[in-house]
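A quick write-up on the structure given underneath.
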Amino acid sequence: EQKRSITPSEATAAIDDLMSGASSHAQTGAFLALLQQQHLNPELLQACAASMSAHASPCNPQCQELIDVVGTGGDGLDTFNVSTAAGIVLAACGLKCAKHGNRSASGNVGSADFLEALGCKIQLDGDMVAIEL
């Protein structure tokens, strides 16, 4: 039996379902497991990125200077969240800092979990983020 690779159009459809909430957790997990087994060529990655971008909520902050901090997450070394700590240090120094991340996937606490525990509003669309900044 020959293995078949997922096509860019199939990936786009799957990402569209995932981003719109139409896919179940099981379907999302199956798609991500399938992607992990694929040869991720530029066309496939571009299709996934374009679909995700189409679902993004634009953010147009009015501040002149802004530092955007994101981490890679899940280093597997049981370290603390360095990028979130960096964002807190930047904010403590008076700099405008946008920190984005996600819930924990491989450790105990992801940046979203940590910031939410501190009382930060994390479920904001692009317009609300722009206002908060």
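Throughout, numbering of the chain's residues begins at 1 and tracks the sequence.
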- Task: Evaluate the side chain to side chain contact (heavy atoms under 4.5 Å, CB included) criterion for residues K99 and I88: first the C-alpha distance (whole Å), next the side-chain angles of each, then the deciding distance (0.1 Å), finally the verdict.
- Result: CA-CA 9 Å; K99 170 65 179 119; I88 291 170; over 6 Å; no
- Nearest 0.5 Å, what's the OG-CG distance between S23 and D17? 6.0 Å
- Message: Would you say that H25 contacts T28 through its side chain, given a criterion of any heavy-atom pair below 4.5 Å between the two side chains?
- Response: no
- Message: Determine whether a donor-acceptor pair (N or O, by modelled atom type, separation under 3.5 Å) exists between the side chain of Q38 and the backbone of I6.
- Response: yes
- Can L95 be reached from V82 by stepping across I, L, V, M, F, W or Y side chains whose heavy atoms are under 4.5 Å apart? no
- Message: With heavy-atom distances below 4.5 Å as the criterion, would you say the side chains of T7 and T12 are in contact?
- Response: no
- What distance do C97 atom SG and E65 atom CD have between them, rounded to the nearest 0.5 Å? 13.0 Å
- Is it true that a side-chain atom of K96 and a backbone atom of I67 form a donor plus acceptor pair closer than 3.5 Å? no
- Message: Looking at D113 and G110, would you say the former's side chain and the latter's main chain have a donor-acceptor pair under 3.5 Å?
- Response: yes
- Query: Taking S51 for the side chain and C48 for the main chain, is one N or O donor matched with an acceptor at less than 3.5 Å?
  - Reply: no
- Query: Under the side chain to side chain contact (heavy atoms under 4.5 Å, CB included) criterion, do M52 and I15 qualify, and how do the steps go?
  - Reply: CA-CA 7 Å; M52 286 184 228; I15 294 289; 3.8 Å; yes
- Carefully, step by step, assess E132 and V129 under the rule side chain to side chain contact (heavy atoms under 4.5 Å, CB included). CA-CA 5 Å; E132 291 294 324; V129 171; 5.7 Å; no
- Message: Can you tell me how far apart CD (E43) and OG (S9) are? Round to the nearest 0.5 Å.
- Response: 12.5 Å
- SB check E116 R103 (cutoff 4.0 Å): yes
- State yes or no: do L115 and I131 share one hydrophobic cluster built from I, L, V, M, F, W and Y residues joined by side-chain heavy-atom distances below 4.5 Å, directly or via other members? no
- Task: Return the minimal non-hydrogen interatomic distance between I122 and A112, and the atom names on each side.
- Result: CD1-O, 3.7 Å
- Is there a chain of hydrophobic side chains (I, L, V, M, F, W, Y, each step under 4.5 Å between heavy atoms) that links L32 to M19? yes
- Message: Quick one, F114 with T84, criterion side chain to side chain contact (heavy atoms under 4.5 Å, CB included). Give me CA distance, side-chain angles, the key distance, then yes/no.
- Response: CA-CA 8 Å; F114 181 66; T84 305; 3.3 Å; yes
- Quick check: does any side chain N or O of Q123 sit under 3.5 Å from a backbone N or O of K121, one acting as donor and the other as acceptor? no
- Query: Do you reckon V69 sits in the same ILVMFWY cluster as L66, going by side-chain contacts under 4.5 Å, direct or chained?
  - Reply: no
- For the side chain of Q37 and the backbone of L34, is there at least one donor-acceptor N/O pair under 3.5 Å apart? no
- For C59 and G126, work out which heavy atoms get closest and say how close. SG-O, 3.6 Å
